Protein chains: 2
Amino acid sequence: MPQKTIICTVDVVLLCLRGSTLHVALWRRDRPPFEGSLALPGGYIHSEEDVDTLDAATRMLRAKTGLESPYLEQLGTFSGAGRDPRGWSISIAYYALVPVELIEADQAPGLILMPVDQLKGLPFDHKDIVLAAVQRLRNKSSYSSLPVHLCGERFTLPRLQAVYEAILGEPINKVSFRRKMDEFDMLEPVEGAFETGRANRPAQLYRLKAAYRQSLSVTPRAFLAGS
Amino acid sequence: MPQKTIICTVDVVLLCLRGSTLHVALWRRDRPPFEGSLALPGGYIHSEEDVDTLDAATRMLRAKTGLESPYLEQLGTFSGAGRDPRGWSISIAYYALVPVELIEADQAPGLILMPVDQLKGLPFDHKDIVLAAVQRLRNKSSYSSLPVHLCGERFTLPRLQAVYEAILGEPINKVSFRRKMDEFDMLEPVEGAFETGRANRPAQLYRLKAAYRQSLSVTPRAFLAGS
DNA sequence: ATTTATTAGTTGCATTGTGTTACTAAGTTA
DNA sequence: TAACTTAGTAACACAATGCAACTAATAAAT
């Protein structure tokens, strides 16, 4: 006796920072259930073409946004009888980080950005999934270099600090922050490139070192441990 | 058009520390595929009785080990066409931590403990899953109180330190370790209880404070952050 | 031109946290 | 009672972090 059929989908929480507010990208569902509602982009696995669920998430992201290789990581699997009106279901959720410009540069016409603190009326348990993604982002941001994936290709250190502060919701000491970024050793200054157009000293532009361009982030050495 | 049927199971990586070696609990499969092989305990979701996959994992653990409330956490979902001879499949994996005595006290007659560094011939991608669980345990142990769940109800600080060292694979400074445990503030001495039977000064026995008896662990304050 | 305002980036110091060494404590064994 | 062993603590050196005050470089105002 094999199993009863279980509804099994992959959903993607696409996060970006507009100004200093975290947003999720939602799209309008074009089929039941909840046809017409705003929800997380997602869908069924295509077992003929998807190598695995990561591949399925990548495919959905590409289809809805045109993005080729954003930061993308499995978030977790959400399950139960209450989340889908059709019955017991599971969703394998991923979360992605992208610079907001890539979404606003209408490569992604169908997507709507919503502040993650004002979600209401999302179908399924999509609100829980978004909140789990935000929590994961906040947690990882407190000790790693993850937030760089919310910046574009070139950015200044003050901007990156502002990104951290927006995510963590509290101010960070400037000197400590710069020391930490230096210690991560993942950034390099763009020779002779500065941020222009402001009424003050121009800030140096940085970019990720080549080794970190893909879905990577840096974590400092552990707390415990020692000789 | 709904989806093709996908094989969907829940598997549990039950870890414990025997001496100073991490072990996984395996059981002999009683049905195809791989009938008779040692594999992770797992099985199909019972969508009529399982509230969600965590509930399914709890049920499987209870059925195979009698354990009621060990530390249990979702590890991740593993998927693809290559992992099951029957076709494209997914497994939602959980990992659990228990004191080794609870397994050896033959409450769990069918289980066999294998050192996690000597796994071979496991079916499906169960070796990958175990290694992912071990990696997660090592990582979390480097900054949290997670390893207490591998100790019994009462334990000494030298024993707990040995547990950390076994997991992390390197020695820890005694003074720093005790300071950190003190900072976690999750342990309390058992009044007047000491470890006996050794040819030296007896060590104070500790237990988890009530608030931490369940599946919890303590994480210190973040790296970045500060006014 | 010169001054003012504003933000970038650095330097030095105070404070805190961590690792090391050496001690005292409390038991067993010879 | 002396020797041995491990538990637990104290004192100090050193490293990491946070803070405040500085210099640097630009645009805007005077």
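Reminder, nothing fancy here: chain letters follow the sequence lines and each chain counts from 1. Because the structure is predicted, anything quoted here is derived from the model rather than measured.
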Ignoring backbone atoms, establish whether B:Ser176 has a side-chain N or O less than 4.0 Å from OP1 or OP2 of C:dG19.
-> yes
Any B:Asn173 side-chain nitrogen or oxygen under 4.0 Å from OP1 or OP2 of C:dT20 | yes
Atom of [X], atom of [Y] and distance for their closest heavy-atom approach:
{"X": "A:Leu160", "Y": "A:Cys151", "value": "CD1-SG, 3.8 Å"}
{"X": "A:Ala193", "Y": "A:Gln204", "value": "O-NE2, 3.2 Å"}
{"X": "B:Arg28", "Y": "B:Gly36", "value": "NH1-O, 2.8 Å"}
{"X": "B:Val116", "Y": "B:His23", "value": "CG1-C, 3.9 Å"}

Given atom [atom1] of [X] and atom [atom2] of [N], what is their separation to the nearest angstrom?
{"X": "B:Met181", "N": "D:dT9", "atom1": "CE", "atom2": "P", "result": "15 Å"}
{"X": "A:Gln161", "N": "D:dG18", "atom1": "CD", "atom2": "C1'", "result": "13 Å"}
{"X": "B:Ile172", "N": "D:dA7", "atom1": "CD1", "atom2": "C1'", "result": "17 Å"}
{"X": "A:Phe177", "N": "C:dT10", "atom1": "CZ", "atom2": "P", "result": "13 Å"}
{"X": "A:Arg179", "N": "D:dG18", "atom1": "CZ", "atom2": "C1'", "result": "7 Å"}

Quick one: does A:Ile129's side chain get under 4.5 Å of A:Leu122's, heavy atoms only?
->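 No, side chains not in contact.
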Can you check whether A:Leu54's main-chain N or O pairs, donor with acceptor, with A:Tyr94's side chain at less than 3.5 Å?
->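 Yes; at least one donor-acceptor contact below 3.5 Å.
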End axis versus end axis in the helix from C:dA1-D:dT30 to C:dA30-D:dT1, the angle rounded to 10°, five pairs used at each terminus =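 Between the first-five-pair axis and the last-five-pair axis there is 10°.
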Give the C-alpha distance, both sets of side-chain angles, the deciding distance and a yes or no for salt bridge (Lys or Arg N to Asp or Glu O under 4.0 Å) between A:Asp185 and A:Lys209.
-> CA-CA 8 Å; A:Asp185 194 32; A:Lys209 289 187 177 178; 2.8 Å; yes
Candidate pair B:Glu191 and B:Arg154, rule salt bridge (Lys or Arg N to Asp or Glu O under 4.0 Å), full reasoning = CA-CA 12 Å; B:Glu191 210 61 37; B:Arg154 296 163 164 219; over 6 Å; no
Looking at the side chain of B:Val175, which of C:dT21, D:dT17, C:dT18 is the nearest nucleotide?
->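 Looking only at side-chain atoms, B:Val175 lies closest to C:dT21.
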Considering the options B:Leu15, B:Leu97, B:Val98, B:Leu150, which one meets the side-chain contact (heavy atoms from CB on, under 4.5 Å) requirement together with B:Tyr71?
->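 One option only clears the test, and that one is B:Leu97.
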Give me the distances for all protein-to-nucleotides 6-9 of chain C N/O pairs that come in under 3.5 Å?
{"residue": "C:dT7", "atom": "O4'", "partner": "A:Asn200", "partner atom": "ND2", "Å": "2.6"}
{"residue": "C:dA8", "atom": "N3", "partner": "A:Arg201", "partner atom": "NH1", "Å": "3.2"}
{"residue": "C:dG9", "atom": "OP1", "partner": "A:Gln204", "partner atom": "N", "Å": "2.6"}
{"residue": "C:dG9", "atom": "OP2", "partner": "A:Arg178", "partner atom": "NH2", "Å": "2.9"}
{"residue": "C:dG9", "atom": "O5'", "partner": "A:Arg178", "partner atom": "NH2", "Å": "3.0"}
{"residue": "C:dG9", "atom": "N7", "partner": "A:Lys174", "partner atom": "NZ", "Å": "2.5"}
{"residue": "C:dG9", "atom": "O6", "partner": "A:Lys174", "partner atom": "NZ", "Å": "3.2"}

